[in-house]
Amino acid sequence: MKIKAWLLAGLAMAWMPAAFAQQGLAPHVNIEQRLTAEQMRATGLDQLTPAQLELLNRLLGEQVEARAQERAEVIARTQAPERRPRDEGSLIGLNDEPIHARLKGTVAGWEPGTVFELDNGQQWKVLKGKMKLSRPLQSPEIVVVPGVAGRWFLQVEEDTPKARVYRID
């Protein structure tokens, strides 16, 4: 009898409407409410005992719930892409926080085109400004400060002019 019940369950699945089977969106409707009396006789489902019919409906209902759950998971994955944490330094112009770091190497001055490499791995290129320091500095502490409209300025010493820079890495 178990084989007959499983065979009938498979047969019943074949009678489900295409949208119901593919999408799993429609609520479960008992098989005896879906099929006409003639269809129940033609498939042999009218020969099931009440317990077998109840089992068949429960199995079909579980499949509907499983498909709905799978669909909800797929939708959740496609609508909410995974967000990876970003290096705060990569949010140029968005975080408005000064960047405190040390320059790598010695700096004696700058002009447009000078590239500064920081100890945090960032690289900044001078866009505007020219300066010759009174004395070369070895790995000085610097601050890259945000300006208006996404502009950034590199400050080597507090009392010297800032160089307008942009990030190149």
Side-chain angles (χ1 to χ4, degrees), residues 1-104 115-128 141-155 162 164-169:
M1 281 311 247
K2 285 186 179 184
I3 293 175
K4 183 178 177 182
W6 284 105
L7 178 63
L8 292 175
L11 182 61
M13 287 295 291
W15 283 96
M16 290 171 50
F20 180 76
Q22 290 176 355
Q23 301 297 319
L25 296 176
H28 173 69
V29 177
N30 288 340
I31 194 73
E32 62 273 19
Q33 294 171 337
R34 284 194 208 163
L35 302 178
T36 64
E38 183 179 306
Q39 290 171 327
M40 292 287 286
R41 275 191 303 281
T43 60
L45 293 174
D46 64 333
Q47 301 299 313
L48 295 178
T49 65
Q52 289 173 322
L53 194 56
E54 182 181 332
L55 174 63
L56 177 60
N57 282 318
R58 185 171 47 82
L59 293 172
L60 293 174
E62 288 171 0
Q63 285 185 333
V64 168
E65 288 176 24
R67 285 189 180 158
Q69 180 65 32
E70 288 171 8
R71 181 169 172 79
E73 289 170 4
V74 167
I75 289 171
R77 281 193 307 266
T78 57
Q79 288 182 349
E82 180 181 332
R83 300 207 182 240
R84 291 185 221 144
R86 296 183 65 173
D87 171 23
E88 285 192 24
S90 69
L91 299 174
I92 297 173
L94 297 178
N95 61 357
D96 294 334
E97 295 292 323
I99 299 167
H100 297 271
R102 284 193 173 274
L103 287 177
K104 286 187 176 179
V115 174
F116 292 110
E117 186 174 352
L118 309 185
D119 63 353
N120 64 8
Q122 296 177 356
Q123 292 182 337
W124 295 81
K125 190 173 191 174
V126 176
L127 180 66
K128 287 186 179 179
E141 286 189 30
I142 58 95
V143 180
V144 183
V145 293
V148 178
R151 294 182 176 130
W152 289 85
F153 299 90
L154 185 134
Q155 181 176 349
K162 298 177 184 92
R164 183 165 167 206
V165 294
Y166 62 97
R167 191 165 168 189
I168 59 172
D169 63 344

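Residues: numbered from 1 along the sequence shown. All values below were derived from every heavy atom in this structure, side-chain atoms included, with hydrogens, water molecules and symmetry-related copies excluded.
Residue R41 comes nearest to D46 through the heavy atom pair CG-OD2, 3.0 Å, listed as atom of the first residue, atom of the second, then distance. Across every non-hydrogen atom of V115 and Q123, the tightest pair is CG1-CB, 4.4 Å. Heavy atoms only, all atoms of each residue included: G121 and D169 are closest at O-OD2, 3.1 Å. N120 and I99 make their closest contact through ND2-CG2, 3.8 Å (heavy atoms, listed as atom of the first residue, atom of the second, distance). Heavy-atom minimum distance, W124 versus I168: N-CG1, 4.4 Å. Taking all atoms of both residues into account, the shortest heavy-atom contact from Q155 to K162 is OE1-CE, 3.1 Å.
Distance check: R34 CZ to N57 CG gives 8.0 Å after rounding to the nearest 0.5 Å. Atom CD of Q39 and atom CD of E32 lie 13.0 Å apart (nearest 0.5 Å). Between the CG atom in L53 and the CD1 atom in I31 there is a gap of 8.5 Å [rounded to 0.5 Å]. Once rounded to the nearest 0.5 Å, the distance linking CD of E117 with CD of Q122 reads 10.5 Å.
Looking at D119, its side chain does come within 3.5 Å of a backbone N or O of R102 through a donor-acceptor pair. Judged by distance alone, the side chain of Q47 and the main-chain N or O of G44 form no donor-acceptor pair under 3.5 Å.
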Could you go through V126 and L154, starting from their C-alpha distance and side-chain angles, then the distance that decides it, and tell me whether this counts as side-chain contact (heavy atoms from CB on, under 4.5 Å)?
CA-CA 8 Å; V126 176; L154 185 134; over 6 Å; no
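Between R58 and E62, at least one side-chain N (NZ, or NE/NH1/NH2) sits under 4.0 Å from a carboxylate O, which counts as a salt bridge.
Defined by atom type and a distance below 3.5 Å, a donor-acceptor pair is present between the side-chain atoms of Q69 and E73.
Within the 4.5 Å cutoff, the side chain of L127 has no heavy atoms near those of the V165 side chain.
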